[in-house]
Novice: 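Got a structure here, written out as C-alpha cells. Questions coming.
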Amino acid sequence: VEFEIRLQRVRRDPFTEEAIRAHVDRLADLDDAGRLIAAGPRADGTGGVILARFADRAEAQRFADTEPFATGGWETVEVHEWQPADRANGYLDSSLPTRRDAPARRFVDLPGDERRWPRSPLPGQIVLVTTVDAGGEVNVAPESWVSMAAFDPPTVGFGCSTTHRTHRNVEDSGEFVVNVVPSSLAPRAWAMLGDHGVERVDHAGLTLLDATTVRPPRLAECSAHLECVHERTVEFGHGEVFIFGRITAASIDERALDEDVAVGYGRLDPCFFLHDRLHAGLAPPARTS
Ligand SMILES: Cc1cc2nc3c(=O)[nH]c(=O)nc-3n(C[C@H](O)[C@H](O)[C@H](O)COP(=O)(O)O)c2cc1C
C-alpha cells in the first residue's frame, strides 16, 4: 500500500550530522527494498515528503514515528494513505472529462539523418558489453542500441562501430557479455568515454565476476548479465554493424525476483539513453487489466 509521510519543519536550528545520516540511511534502505517511490525536502525549507510502499498503515506509522527529524524534534510527521495515478487504476484514463478535449496529436517530420533527430522515438536500454582481446585483456563499453532478437535460439543483438574495440574483440574471441546497467550506474557509463581499454575498467571501479560459459567477465555492479557466443554480424556500410549473440547463460540480481513483479522490475532498474548525458529509468510499472 502506498503512503505519503508529510514532514513539517517546526524548529529552525540545523539538523545534526547524525540525524541526517540516520534519515538518509532509512531512505536508502527503503529504496534498496524497492519500496521508495520518491522523497525529498521542500525547496522553501518548510519540510519534506516521503512517498513509499508499506505493508499497512501501522508499518507506515511506525516508520514515520521513528523518523530521526521527528524524534529529534525538528519536524512533525503526518501519515496519509496515497493513491498514485496511473493507467492501471484508471486515474490517467483518457476518457476522464478534463482529458476528453485534449487536442489530437500533430506530427512533425524528422530529418532523414538519425543524427539530426532532436528526440529519438526509440530510446535504447543502456548496457555495458564486456569482451576480451586475443591476449585475454578485458574491455568494457557502454552500448544502447541493444535488443532481444530471437527466442530460439535465445539471441540478443547490439549495434556498434567497426572502429570500436568491442567489435574487434567479438570478432577475434567470438564471445561477449551484455551487462544490464541500473540507473545508479548510468553516470559511470557516461564517464567511461574518457578512457579506453584497461584504464577504463580500472577507472570505472567495476568488479569483474567470472562468467559461467564465456571468457569475458560479468560485472558485479550490474543487475543482470547475458553471456553470449557470437552468432553473426550484419554490416551496414560506413563501418556500422549489428552484432548478434546466442545467449549461453543468464543471471539476474535475486532481489529482482520479488514476488511482486513491479517491485522486481524496480530492482532490476533498467535505464535508457535519451540524449547526450541524459538517461531515464523505468516509470512506475502499470498493469493493463
Ligand atoms: C550511454 C552510452 C550508450 C552508448 N551506446 C552506443 C551504442 O549503442 N553503439 C555504439 O557504437 N556506441 C555507443 N556508445 C559509445 C561507445 O560506448 C564508445 O564509442 C566507446 O568508446 C566504445 O568503446 P570500445 O572501443 O572499447 O568498444 C555509447 C556510449 C554511452 C555513454
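Atoms considered below: every heavy atom in the structure, side chains included; atoms not considered: hydrogens, waters and symmetry mates. Atoms within each ligand, like the ligands themselves, are counted from 1 in listed order.
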Novice: Is it true that the side chains of Thr207 and Glu221 contain a donor and an acceptor less than 3.5 Å apart?
Specialist: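 There is such a pair (donor and acceptor under 3.5 Å, judged by atom type) between the side chains of Thr207 and Glu221.
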
Novice: Report the nearest protein non-hydrogen atom to atom 31 (C) of ligand 1: residue, atom name, distance rounded to 0.1 Å.
Specialist: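 Result for atom 31 (C) of ligand 1: Trp190 CE3, 3.3 Å.
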
Novice: Examine the proximity of ligand 1 to His196 and report which part, side chain or backbone, both or neither, has a heavy atom under 4.0 Å away.
Specialist: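 Side chain only; the backbone of His196 stays clear of ligand 1.
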
Novice: Going by the atom numbers of ligand 1, which of them fall below 4.0 Å from some non-hydrogen atom of Ser161?
Specialist: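 Close to Ser161: 11 (O).
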
Novice: Compute whether any side-chain donor of one residue and acceptor of the other, for Asn179 and Thr130, lie under 3.5 angstrom apart.
Specialist: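 Yes.
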
Novice: Using a 4.0 Å heavy-atom cut-off, which part of Pro142 comes near ligand 1: side chain, backbone, both, or neither?
Specialist: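 The answer is both, backbone and side chain.
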
Novice: Which one holds for Cys160 and ligand 1: side chain close, backbone close, both close, or neither close, with close meaning a heavy atom under 4.0 Å?
Specialist: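 Cys160 to ligand 1: contacts from backbone and side chain alike.
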
Novice: If we set the cut-off at 4.0 Å for heavy atoms, which region of Thr163 has an atom near ligand 1: side chain, backbone, both, or neither?
Specialist: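 For Thr163, no heavy atom sits under 4.0 Å from ligand 1.
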
Novice: Any Lys/Arg nitrogen of Asp113 or Arg115 sitting under 4.0 Å from an Asp/Glu carboxylate oxygen of the other?
Specialist: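 Answer for the salt bridge query: yes.
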
Novice: Quick one: which ligand 1 atoms are inside 4.0 Å of a heavy atom on Ser144?
Specialist: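 Atoms satisfying the 4.0 Å criterion: 3 (C), 4 (C), 5 (N), 6 (C), 7 (C), 8 (O).
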
Novice: Heavy atom under 4.0 Å from ligand 1: found in Thr166's side chain, backbone, both, or neither?
Specialist: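 Both parts.
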
Novice: Is it the case that the side chains of His23 and Glu67 hold a donor-acceptor pair, with the cut-off being a distance below 3.5 Å and no angle test?
Specialist: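 Yes.
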
Novice: Quiz question: by atom type and distance under 3.5 Å, do the side chains of Thr213 and Glu227 form a donor-acceptor pair?
Specialist: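 The answer is yes; a qualifying pair exists.
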
Novice: May I ask you to identify, for Phe273, whether its side chain, its backbone, both or neither come under 4.0 Å of ligand 1 on a heavy-atom basis?
Specialist: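 Side chain only.
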
Novice: Assess whether a salt bridge exists between Asp258 and Arg267, defined as any Lys/Arg side-chain N lying under 4.0 Å from an Asp/Glu carboxylate O.
Specialist: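 Here Asp258 pairs with Arg267 in a salt bridge, since their nearest N and O are under 4.0 Å apart.
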
Novice: For Ala189, take its heavy atoms, then give the atoms of ligand 1 lying under 4.0 Å from any of them.
Specialist: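 Contacts of ligand 1 toward Ala189, numbered from 1: 31 (C).
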
Novice: Classify the side-chain pair Arg26/Thr66 by whether it contains a donor and acceptor separated by less than 3.5 Å.
Specialist: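 On atom types as modelled, these side chains qualify, holding a pair under 3.5 Å.
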
Novice: Between Glu75 and Arg6, is there a salt bridge with N-O shorter than 4.0 Å?
Specialist: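 Looking at Arg6 and Glu75, the cut-off is not met.
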
Novice: For Glu171 and Thr233, test the side chains for any donor-to-acceptor distance below 3.5 angstrom and give the result as yes or no.
Specialist: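 A donor-acceptor contact under 3.5 Å links the two side chains.
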
Novice: For atom 18 (C) of ligand 1, find the nearest protein heavy atom and state the residue, atom name and distance (0.1 Å precision).
Specialist: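 Protein heavy atom at minimum distance: Leu193 CD2, 3.7 Å.
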
Novice: Considering only the protein, which heavy-atom contact is closest to atom 10 (C) of ligand 1, and what is its distance?
Specialist: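 I find the closest protein heavy atom is Glu143 OE1, 3.1 Å.
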
Novice: Quick one: which ligand 1 atoms are inside 4.0 Å of a heavy atom on Asn139?
Specialist: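 With Asn139 as reference, the close atoms of ligand 1 come out as 24 (P), 26 (O), 27 (O).
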
Novice: So for ligand 1, is His164 a polar contact partner (N or O within less than 3.5 Å, distance only)?
Specialist: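 His164 vs ligand 1: N/O contact under 3.5 Å present.
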
Novice: Evaluate the ring planes of Phe63 and Phe54, with Trp represented by its six-membered ring, and classify them as parallel (under 30°), tilted (30 to 60°) or perpendicular (over 60°).
Specialist: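 Rings of Phe63 and Phe54: tilted, 30 to 60°.
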
Novice: Could you tell me if any non-hydrogen atom of Arg200 lies under 4.0 Å from any atom of ligand 1?
Specialist: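 It does, in that a heavy atom of Arg200 comes within the 4.0 Å cut-off of ligand 1.
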
Novice: Among all the protein's non-hydrogen atoms, which is closest to atom 25 (O) of ligand 1, and how far away is it?
Specialist: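 Here the closest protein heavy atom is Arg165 N, 2.9 Å.
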
